Amino acid sequence: MDWKLPREGSCRCGQVRIRISAPPLVTMACHCTGCQKMSSSAFSLSAAIPAEGFEVISGEPVVGGLHGATKHMFCPHCMSWMFTRPEGMDWFVNLRTTMLDGAADFAPFIETWTAEKLPFAQTGAPHSYETLPPMDAYDGLMKEYAEWAGRA
Ligand SMILES: [Zn+2]
Ligand SMILES: [Zn+2]
């Protein structure tokens with residue numbers, strides 16, 4: 001598919017704008033109770049974007065969530081949860097796909113933490129994990145995602 005890169009996005013109020021210039025490595029829905037609270041919804045949606053293909057082009061996102069080693073970044077004005085910089089994995093940014101223009105192109109490929117899933121929540125993701133995929137599964141998942149998203 002045509003990823004329409006670079007592609008921009010913003011928080012709810014528009015003060016923070018972001019741009020991606022690389023396609024996602026993989027897309028996800030997370031059912032964990034932490035994501036339920038931070039997204040104020042049944043699950044969170046994200047896309048792993050290579051760090052060099054992600055930039056904040058206006059505004060100054062601030063740390064929110066648990067303020068731990070993994071940095072959850074929010075708009076300081078409207079408080080939208082925009083992206084996460086995971087601890088020890090600085091080669092990608094986990095971007096909340098609903099911030100992007102044309103978020104419909106970023107359907108989730110993996111769903112995680114189904115052990116904590118609300119019974120009515122449905123994501124349509126072709127791969128489900130009770131917690132997280134095993135580390136050695138990611139290479140294969142990323143290859144498969146590239147094909148799956150290409151066909152979509
Ligand atoms: Zn905002
Ligand atoms: Zn989660």
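Only this structure's heavy atoms are used, side chains among them; waters, hydrogens and symmetry mates stay out. Given the structure is predicted, the values throughout are model-derived calculations rather than measurements. Both ligands and their constituent atoms are indexed starting at 1 by order of listing.
Taking 4.5 Å as the limit, some side-chain heavy atom of Ile18 sits within range of a side-chain heavy atom of Leu100.
Here Phe54 pairs with Phe83 under the ring pair (Phe, Tyr, Trp, His ring centres under 6.0 Å) rule; sequence neighbours left out.
Within the protein, the N, O or S atoms sitting under 2.8 Å from the Zn ion (ligand 1) are Cys11 SG, Cys13 SG, Cys75 SG, Cys78 SG.
Remark: Glu8 CD is packed, more than 12 non-hydrogen atoms of other residues, nucleotides or ligands lying under 6.0 Å away. Other residues, nucleotides and ligands contribute at most 12 non-hydrogen atoms within 6.0 Å of the CD atom of Glu60.
Of all protein N/O/S atoms, those lying under 2.8 Å from the Zn ion (ligand 2) come to 3.
Side chain of Ser10 to main chain of Val16: no donor-acceptor pair is present (N/O by atom type, distance under 3.5 Å, no hydrogens or angles). Not one N or O on the side chain of Arg85 forms a donor-acceptor pair closer than 3.5 Å with the backbone of Asn94.
The aromatic rings of Trp148 and Tyr145 sit tilted relative to each other, their planes meeting at an angle between 30° and 60°.
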With a 3.5 Å cut-off and sequence neighbours excluded, list the donor-acceptor pairs that the side chains of residues 25-43 form with protein atoms.
residue : atom : partner : partner atom : Å
Thr27   : OG1  : Ala107  : O            : 2.7
Thr27   : OG1  : Phe109  : N            : 3.1
His31   : NE2  : Glu111  : OE1          : 2.7
Thr33   : OG1  : Glu116  : OE1          : 3.4
Gln36   : NE2  : His31   : O            : 2.9
Gln36   : NE2  : Glu116  : O            : 3.1
Ser39   : OG   : Cys35   : O            : 2.5

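A salt bridge links Lys4 with Asp105: at least one charged nitrogen is closer than 4.0 Å to a carboxylate oxygen.
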